[in-house]
Visitor: 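Sharing a structure, written as structure tokens. Questions coming.
Since the structure is predicted, the reported quantities are computational estimates derived from the model, not experimental observations.
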Amino acid sequence: MGELIKDGLRIDGRKPDELRPIKIEAGVLYRADGSAYVEWGGNKVLAAVYGPRELLPKHMQDPTKAVVNARYNMASFSVEDRKRPGPDRRSIEISKVTSEALESVIFTELFPRAVIDINIEILDAEAGTRCAGITAAAVALADAGIPMRDIPAACAAGKVDGQVVLDLRKEEDQEGEADLPIAIAPRTEEILLLQMDGHLTYKEFEEALELAIKGSKYVSKLQKEALRRKYKKVEEE
Amino acid sequence: MDIPEVKRISAVKKDYLIKLAKQGKRADGREFDEYRKITIERNIIKKAEGSARVKIGNTMVLAGIKLDIGEPYPDSPEEGAMSTSVELPPLASPDFEPGPPKPDAIEIARVIDRGIRESKYIKLDKLVVEPGEKVWIVFIDIHVLDYDGNLFDAGSLAASAALQNAVIPNERFGLGDNEPLPVGSPPISCTFAKFGNAIVVDPGLEEEQVAEARFTVALDENGDIRAMQKGLKGRFTVEEIKNNINRAQIHAKNIRKLLEG
């Protein structure tokens with residue numbers, strides 16, 4: 001306590017409402033129908049979309065709409081102590097809320113009996129991986145040409161040293177007092193994903209939510225720039 | 001692949017519930033801001049270190065607490081540990097299947113766990129047997145016995161009530177007399193479901209089946225927020241989220257009286 005913010009600046013020199021550096025690239029994989037790569041602070045995340053394609057086995061199909069199946073997976077080498085490969089309870093929960101958040105903007109009714117598979121691989125992790133993953137997945141969905149009402153963007157706010165801040169880094173996440181990751185539909189500012197753990201008063205929550213929405217909107221701008229860059233390049237070729 | 005455990009409801013039923021909601025009504029006659037009857041019974045499992053059965057309407061869950069001695073986590077050598085699991089056994093619903101926990105059950109368990117953990121309900125720093133070597137590990141196991149909606153709140157309440165009367169089983173481990181498990185003030189979980197333009201508290205089974213979005217918030221004794229989770233593929237506006245929290249603060253006060261009274 002009292003170590004994470006000094007003279008109004010955070011340990012990496014950021015202001016409370018400042019994001020870590022973010023780099024987004026669309027269409028980075030050859031085989032996937034759509035893909036994206038995101039570097040967000042120390043996070044490196046790759047997302048690939050396959051589909052819409054026929055969902056097998058057939059009994060899993062929904063005759064009225066496509067099933068959206070996001071899978072969040074951490075590479076064993078992405079964290080300090082090697083993570084045992086395969087889904088653990090944390091990644092199963094993140095996969096579930098990520099699937100739900102992304103499905104909320106996809107026109108799934110256009111693809112009955114189909115599945116849209118979204119694979120998110122966390123290659124290097126440094127706090128905020130679920131937001132980086134959703135951000136990458138959203139760009140990959142757009143790159144795959146999946147019809148969506150909006151391109152979701154995600155960002156977290158939190159509290160460290162009693163102060164509401166944007167986009168926690170590892171030390172802030174571990175020693176901070178609260179973490180509030182969200183995903184929004186930037187056009188309407190509707191909430192697609194919201195999780196929180198820690199301790200926030202209602203006032204602090206309002207402040208953190210406003211900050212997280214602001215961060216998400218900036219991320220949204222970067223997502224759109226990345227998509228424009230890719231399709232401009234294709235045009236030039 | 002996520003196999004939905006809650007089967008979809010007919011379109012007719014969905015239209016009916018949404019139409020009712022437009023008139024400000026719910027199928028079971030409740031107000032939007034009305035919980036079903038909640039009952040809490042404690043100490044019903046002898047072998048458990050603590051236990052409670054909670055009913056919310058026809059939903060019934062049983063929480064049992066067991067303690068064991070183990071190694072502390074490397075990042076918290078001076079603290080005990082806790083673990084929360086939820087089982088949705090086939091006895092509780094025609095839609096539940098046997099087998100390892102599916103994403104639905106894992107999500108419920110993790111949201112309940114965060115509420116308890118972040119409110120520091122269990123005083124983990126008082127659960128050290130030998131610093132750095134041996135600590136108590138508190139296992140919170142929540143069994144759903146009858147599923148009629150709102151397992152987040154029923155499970156959380158059962159876990160809190162069971163912890164409230166739990167003991168540290170020193171005798172069984174040759175460490176002297178049993179003593180009460182040190183706990184503080186419990187988190188109160190409050191869950192909403194949104195369908196059509198209605199947002200109702202304590203969704204029943206049918207309301208859960210038609211729900212587009214779900215929101216759970218865990219509040220501490222000051223009404224501060226300790227955990228939140230938005231679920232399902234629907235969307236909330238910022239105003240709706242804020243409203244939910246304000247509504248939850250009123251409900252949490254009443255539920256807290258049941259738990260502490």
Side-chain angles (χ1 to χ4, degrees), chain A residues 55-57 59-60 62 64-65 67-71 81 87-97 99-106 108 115 117 149-150 174 177-180 182-185 188-206 208-210 213, chain B residues 1-4 8 11 73-76 83-86 100-111 113-120 187 212-220 222-242 244-246 248-249:
Chain A
L55 175 53
L56 295 171
H59 69 88
M60 301 287 298
D62 186 330
T64 66
K65 62 176 188 62
V67 169
V68 175
N69 178 31
R71 178 176 162 276
D81 297 320
D88 54 10
R89 289 166 66 87
R90 175 179 171 276
S91 52
I92 289 170
E93 186 198 352
I94 294 178
S95 296
K96 182 171 190 286
V97 292
S99 298
E100 291 167 349
L102 296 171
E103 180 173 351
S104 69
V105 298
I106 298 173
T108 52
V115 62
D117 284 303
R149 42 176 70 81
D150 206 345
Q174 283 171 348
E177 296 113 85
D179 187 19
L180 173 78
I182 66 161
I184 63 167
T188 58
E189 291 190 15
E190 286 169 304
I191 309 284
L192 313 180
L193 173 142
L194 185 152
Q195 296 182 289
M196 178 269 182
D197 61 342
H199 182 185
L200 292 175
T201 65
Y202 180 73
K203 268 252 148 324
E204 288 167 339
F205 164 70
E206 281 188 314
L209 184 61
E210 201 189 316
I213 289 173
Chain B
M1 177 76 48
D2 186 355
I3 300 166
R8 254 155 6 99
Y73 285 111
D75 57 350
S76 52
S83 134
T84 309
S85 81
V86 167
K102 297 191 176 70
D104 285 0
I106 291 173
E107 182 184 19
I108 298 168
R110 289 180 59 85
V111 172
D113 185 280
R114 289 200 282 267
I116 295 170
R117 195 180 293 275
E118 299 299 337
S119 62
K120 306 193 166 47
E212 293 139 23
R214 188 193 63 236
F215 180 78
T216 300
V217 56
L219 298 166
D220 68 15
N222 299 318
D224 289 353
I225 305 161
R226 297 291 182 155
M228 285 187 281
Q229 180 95 337
K230 179 253 161 189
L232 307 184
K233 58 171 184 161
R235 305 178 286 274
F236 283 108
T237 65
V238 170
E239 275 321 300
E240 285 170 341
I241 297 273
K242 289 182 180 175
N244 292 346
I245 297 171
N246 290 326
Q249 284 173 323

Visitor: What heavy-atom pair brings A:Arg89 and B:Thr84 nearest, and what distance separates the two atoms?
Guide: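 Result for this residue pair: NH2-O, 3.2 Å.
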Visitor: Please flag which part of A:Arg71 lies under 4.5 Å from any non-hydrogen atom of chain B: side chain, backbone, both or neither.
Guide: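 Nothing of A:Arg71, per the 4.5 Å heavy-atom cut-off to chain B.
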Visitor: Among all residues two or more places apart in sequence or in another chain, which pass the salt bridge (charged side-chain N to carboxylate O under 4.0 Å, His left out) test with A:Glu190?
Guide: B:Arg235
Visitor: How many angstroms lie between atom CG of A:Leu102 and atom NZ of B:Lys233, to the nearest 0.5 angstrom?
Guide: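 If we round to the nearest 0.5 Å, A:Leu102:CG and B:Lys233:NZ are 13.0 Å apart.
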Visitor: For A:Lys96 and B:Ile106, run side-chain contact (heavy atoms from CB on, under 4.5 Å): C-alpha distance rounded to whole Å, both residues' side-chain angles, the deciding distance at 0.1 Å, then the answer.
Guide: CA-CA 10 Å; A:Lys96 182 171 190 286; B:Ile106 291 173; over 6 Å; no
Visitor: Do you know the tightest heavy-atom contact between B:Lys230 and A:Val97?
Guide: O-CG1, 4.2 Å
Visitor: Given the options B:Glu107, B:Glu239, B:Glu212, B:Arg110, which has more heavy-atom pairs under 4.5 Å with chain A than any of the others?
Guide: B:Arg110
Visitor: Kindly compute the distance separating CD1 (B:Ile245) from CG (A:Leu209), expressed to the nearest 0.5 Å.
Guide: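 These two atoms lie 8.0 Å from each other.
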Visitor: Any side-chain heavy atom of A:Tyr202 within less than 4.5 Å of one from B:Leu219?
Guide: no
Visitor: Checking heavy atoms, do the side chain of A:Leu180, its backbone, both or neither come under 4.5 Å from chain B?
Guide: side chain
Visitor: Measure across B:Ile225 and A:Met196 and return the closest heavy-atom pair with its distance rounded to 0.1 Å.
Guide: O-CE, 3.3 Å
Visitor: Please evaluate residues A:Glu93 and B:Gln229 with respect to the criterion side-chain contact (heavy atoms from CB on, under 4.5 Å), reporting the C-alpha separation (whole Å), side-chain torsions for both, the decisive distance (0.1 Å), and the verdict.
Guide: CA-CA 11 Å; A:Glu93 186 198 352; B:Gln229 180 95 337; 2.9 Å; yes
Visitor: By a 4.5 Å heavy-atom criterion (distance strictly below it), what part of B:Leu232 contacts chain A: side chain, backbone, both, or neither?
Guide: both
Visitor: Does any backbone or side-chain atom of A:Leu193 lie under 4.5 Å from a heavy atom of chain B? Answer side chain, backbone, both or neither.
Guide: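 Backbone only.
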Visitor: Is B:Arg214 salt-bridged to A:Glu100, going by a charged N under 4.0 Å from an acidic O?
Guide: no
Visitor: Can you tell me how far the CG atom of B:Asp104 sits from the CD1 atom of A:Ile92, to the nearest 0.5 Å?
Guide: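 Between B:Asp104 CG and A:Ile92 CD1, I get 11.5 Å after rounding to 0.5 Å.
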Visitor: Can you say whether B:Asp75 sits under 4.5 Å from chain A via the side chain, the backbone, both, or neither, judging by heavy atoms?
Guide: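 Neither part; nothing is under 4.5 Å.
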Visitor: Side chain, backbone, both or neither: which part of A:Ile213 has a heavy atom under 4.5 Å from chain B?
Guide: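 For A:Ile213, side-chain heavy atoms alone lie under 4.5 Å from chain B.
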Visitor: Between chain A and each of B:Asp224, B:Asp220, B:Val111, B:Val217, count heavy-atom pairs under 4.5 Å; write down the option with the most.
Guide: B:Asp224
Visitor: Under a 4.5 Å cutoff for heavy-atom pairs, which residue among A:Arg90, A:Gln174, A:Glu204, A:His199 has the most contacts with chain B?
Guide: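 Option with the top pair count is A:His199.
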Visitor: Side chain, backbone, both or neither: which part of B:Gln249 has an atom under 4.5 Å from a heavy atom of chain A?
Guide: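 For B:Gln249, the side chain is the part near chain A, not the backbone.
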Visitor: Could you work out, with salt bridge (charged side-chain N to carboxylate O under 4.0 Å, His left out) as the rule, every residue matching B:Lys120, not counting sequence neighbours?
Guide: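 Per chain and number, B:Lys120 pairs via salt bridge (charged side-chain N to carboxylate O under 4.0 Å, His left out) with no residue.
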Visitor: Among B:Glu240, B:Arg117, B:Lys242, B:Arg226, which residue forms the greatest number of heavy-atom pairs with chain A at distances under 4.5 Å?
Guide: B:Arg226
Visitor: Looking only at heavy atoms, which two atoms of B:Gly234 and A:Ser104 are closest? And how far apart?
Guide: O-CB, 4.3 Å
